[in-house]
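Position 1 is the first residue of the sequence; numbering continues from there. Counting convention: from 1, in listed order, for ligands and their atoms alike.
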Amino acid sequence: MSIILSGIQPSGSLTLGNYLGAIKNFVKFQEDLKEGDELFVFIADLHAITVPQDPTKLRDNIKKLAALYLACGLDPSKSTLFIQSEVKEHAELAYILQSITYIGELERMTQYKDKKQKQVEGVSTALLTYPILMAADILLYNSDYVPVGVDQKQHLELARNLAERFNYRYSETFKVPESLIQKTGSKIMSLQNPEKKMSKSDDNEKASIYLTDNEATIRKKIASSVTDSDNSIIFDPVNKPGISNLLSIYASCKGISIEDAVNENQNINYGIFKTRVADEVCRLLIPIQERYNSILNDNEYLNKVLDEGRDKASFFARKMMAKVNRKVGVGRKNN
Ligand code: AQP
């Protein structure tokens with residue numbers, strides 16, 4: 001019996017990076033679930049507010065992310081889809097875990113250091129403690145596996161350390177989770193600066209392909225992506241980051257290895273290669289967009305899925321939280 005859990009922040013329009021690095025794998029895991037396995041996929045709205053969000057846009061993004069999960073193939077009869085803030089135990093466990101986390105462990109997190117630079121109104125405490133909330137998300141469900149992109153590996157290490165530390169201090173309680181990182185697509189880079197990862201919060205819209213971009217926009221963005229000038233299609237992320245990124249996108253959209261992607265695109269110029277990459281991206285995204293548009297208009301269905309998901313997740317979370325409170329000694333006995 002395995003428990004798999006992952007989530008995405010509703011911090012903007014989802015990118016191809018979020019799809020190839022995360023959602024695509026959620027769907028794959030869903031197909032491989034066996035009797036007794038559980039897949040929890042949540043909308044990480046509490047994580048999103050670690051940087052300033054417009055409340056109206058945030059609500060809207062939560063709904064859009066729910067519709068996208070479903071449009072990408074997550075099936076509520078097989079997986080549990082829910083909104084993080086609707087299961088209060090996430091924040092409760094995060095607080096308990098803060099008591100066993102050292103500030104130095106948080107200050108050295110790469111994502112914190114990067115995002116800190118971009119804050120104009122000051123850095124929120126929640127941005128620093130973000131990885132503790134992520135550890136709580138994972139440990140609350142006794143997750144065995146957490147499918148993530150490469151960028152989240154460091155946070156997952158912290159979750160593992162906190163599980164071990166808690167178990168050592170208070171006796172065996174949490175499973176120590178493992179990350180699941182795919183070979184291809186685990187780090188899709190910006191189309192305008194291929195040294196930087198593609199991100200939904202990037203201010204430059206040309207840098208990211210959004211899952212809801214129309215065909216003409218997708219083609220235009222790929223055609224104008226930054227590459228080099230030597231016109232050879234080789235996978236070399238250090239010296240040819242732009243072409244290597246397009247090869248990763250091509251391979252990941254087609255579900256083939258990088259080696260096969262290189263072999264399929266020999267002796268053609270960059271223009272033709274970019275058209276082929278765009279063809280694959282459109283082939284993947286257009287059917288998702290068609291489903292997305294009809295699900296987004298069906299409020300009744302979306303609410304039903306999210307209510308059922310919340311209730312099921314809460315059942316697991318409440319049990320774990322009662323155990324944690326008992327071990328730590330807060331509250332009253334048998335309460
Ligand atoms: N460029 C990427 N390539 C592969 N995987 C990616 N992920 C994100 N960007 C890429 C994976 O998507 C999942 C959800 O990410 P998240 O929303 O929780 O946070 P993030 O990693 O911070 O994603 P963004 O798009 O960069 O969001 P913002 O801009 O709001 O910070 C994770 O599994 C992540 O690895």
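By the criterion of a heavy-atom distance under 4.0 Å, both the backbone and the side chain of Ser199 are placed next to ligand 1. Contact annotation: for Ser186 versus ligand 1, heavy atoms closer than 4.0 Å belong to the backbone alone. Within the 4.0 Å heavy-atom criterion, both parts of Ser201, backbone and side chain, lie near ligand 1. Counting heavy atoms under 4.0 Å from ligand 1, residue Asp151 touches it through the side chain alone. With a 4.0 Å cut-off on non-hydrogen atoms, His47 does not touch ligand 1 at all. Proximity of Gln9 to ligand 1, defined as any heavy-atom pair under 4.0 Å, is shared by backbone and side chain alike.
Considering backbone and side-chain atoms together, Met198 places an N or O closer than 3.5 Å to an N or O of ligand 1.
Every residue meeting the salt bridge (Lys or Arg N to Asp or Glu O under 4.0 Å) condition with Arg219, not counting sequence neighbours, appears here in chain and number order: Glu215, Asp279.
Checking Lys196 against Ser190 by side-chain atom types alone, no donor-acceptor pair falls below 3.5 Å. Side-chain contact check for Lys327 and Ser171: at least one donor-acceptor pair (N or O, by modelled atom type) lies under 3.5 Å.
Scanning all protein heavy atoms for the shortest distance to atom 12 (O) of ligand 1 gives Asn18 ND2, 3.3 Å.
Note on residues 58-69: pairs passing salt bridge (Lys or Arg N to Asp or Glu O under 4.0 Å), not counting sequence neighbours, are Asp60-Lys64.
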Given Lys78 and Glu31, is the salt bridge (Lys or Arg N to Asp or Glu O under 4.0 Å) satisfied, shown in steps? CA-CA 9 Å; Lys78 296 180 183 159; Glu31 300 320 319; 3.8 Å; yes

